[in-house]
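These notes concern the structure reproduced below.
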Amino acid sequence: MKIIHSPRHLGHSGHVELMNGRVVPAFEKPERVAMILKAIGERNLGPLVDPAAHGLDPILKVHDADYIHFLAQAWELWTQDGRDFPALPSFWRAPGMRYVEPENIDGKLGHFSFDAGCCIVAGTWDAVQAGADIALTGVDLVAGGEASAFALCRPPGHHAHQATMGGYCFVNNAAVAAQAFRDRGAARVAVLDVDYHHGNGTQAIFYDRSDVLVCTIHADPLQEFPYFLGFADETGAGEGEGFNANYPLRWGTDYSGWSAALDDACARIEACGADVVIVSLGVDTYKDDPISQFRLDSPDYLKIGLRIAKLAKPTLFVMEGGYAVEAIGINVANVLEGFEQG
Ligand code: OKP
Ligand code: ZN
């Protein structure tokens with residue numbers, strides 16, 4: 001399968017996050033992609049393809065224009081005040097406060113975020129745009145007749161809402177891809193989110209729509225980030241009722257528990273008659289992931305790929321999380337190899 005990749009993700013580096021109340025180097029770092037490329041090369045999983053530029057229009061179909069304008073300007077506004085270090089939000093509204101975009105960059109950072117997980121540096125916006133182009137090029141390939149493709153996006157996207165960054169995510173690459181498949185004639189798209197964390201942004205973007213089924217398997221939000229969305233009773237709204245499925249699982253879940261949720265999600269995808277499947281591919285379900293608490297092991301990722309292949313649908317894999325850098329390449333390559341064998 002073709003692997004869509006761009007070195008422009010390297011611009012999003014040298015950033016930080018808050019961990020246990022301390023500022024630490026970001027877990028979401030460029031080495032993740034290097035390790036995935038290494039494993040893909042060693043196993044001959046497919047040729048690398050450059051993304052084609054798609055512009056902002058397909059991004060603006062799922063994100064608000066004022067939010068995208070903010071992302072494009074944020075570094076310039078932050079550094080205008082003389083700051084030459086990474087930008088982090090630290091002010092948020094509580095329920096009851098006003099929803100008005102501030103003029104001040106510190107206010108804007110809070111207005112357009114739900115946590116301090118999205119650090120902005122000089123090359124962040126370029127990396128984010130490259131990520132969307134990677135996903136959209138994957139759509140071009142699969143809509144053009146390829147059985148599958150792997151969009152090697154970085155940073156990830158599934159936590160980003162219409163007008164909110166968070167959890168390392170700025171533009172929701174999987175959601176942009178889902179909308180693009182619809183616009184290219186797919187009647188129904190299924191998003192299968194196997195990242196350890198709930199795909200809150202993807203859920204929110206499609207929550208009231210029946211044309212995009214969202215299934216996400218993740219750590220129980222009572223125990224884990226993003227905490228405030230991802231419960232089993234969130235099943236969609238209005239037209240979208242029945243087209244959102246959450247599978248919250250407790251810390252310590254291993255493949256036997258996890259794969260039962262995968263089987264159920266796959267049955268739903270089959271039942272809804274989706275024309276195409278987008279896999280939000282996170283491998284932070286791995287037993288040694290530094291920020292996660294599931295217990296999947298490397299051979300399990302082969303089985304995940306095999307199970308997804310059994311759906312027998314055109315499939316676009318979109319990279320999300322996975323922070324055990326030493327194993328991320330093996331685990332991602334295992335999913336892709338399992339899929340190709342299935
Ligand atoms: C992004 B993706 C540690 C707290 C957790 C957010 C995790 C975002 C994961 N500083 N921070 O779903 O892999
Ligand atoms: Zn994750």
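Note that ligands are numbered from 1 as they come in the structure, with each ligand's atoms numbered from 1 the same way.
Using a cutoff of 4.0 Å between basic side-chain nitrogens and carboxylate oxygens, Glu337 and Arg43 are scored as salt-bridged. Using a 4.0 Å cut-off between a side-chain N of Lys or Arg and a carboxylate O of Asp or Glu, Asp254 and Lys287 do not qualify as a salt bridge. Checked for salt-bridge contact, Asp106 and Arg83 meet the test: a charged N lies under 4.0 Å from a carboxylate O.
Just one residue in the list His161, His158, Glu234 forms a side chain to side chain donor-acceptor pair (under 3.5 Å) with Gln203, and that residue is Glu234. For the side chain to side chain contact (heavy atoms under 4.5 Å, CB included) criterion with Phe206, the lone passing option out of Val214, Val189, Leu213 is Val214.
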Using distance only, find each side-chain donor-acceptor pair of residues 266-278 under 3.5 Å and give its atom names and separation, not counting sequence neighbours.
from, atom 1, to, atom 2, distance (Å)
Arg268, NE, Tyr247, OH, 3.2
Asp275, OD2, Ala187, N, 2.8
Asp275, OD2, Arg188, N, 2.8

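Gln179 and Asp183 share a side-chain donor-acceptor pair at under 3.5 Å.
For Asp284, the N, O or S atom closest to the Zn ion (ligand 2) goes by the atom name OD2. When the N, O or S atoms of His197 are ranked by distance to the Zn ion (ligand 2), ND1 comes first. Restricting Asp195 to its N, O or S atoms, the one at the least distance from the Zn ion (ligand 2) is OD1.
Protein residues having at least one heavy atom under 4.0 Å from any atom of ligand 1 are Glu17, Leu18, Met19, His158, His159, Gly167, Tyr168, Asp195, His197, Phe225, Asp284, Gly321, Tyr323, listed by chain and number.
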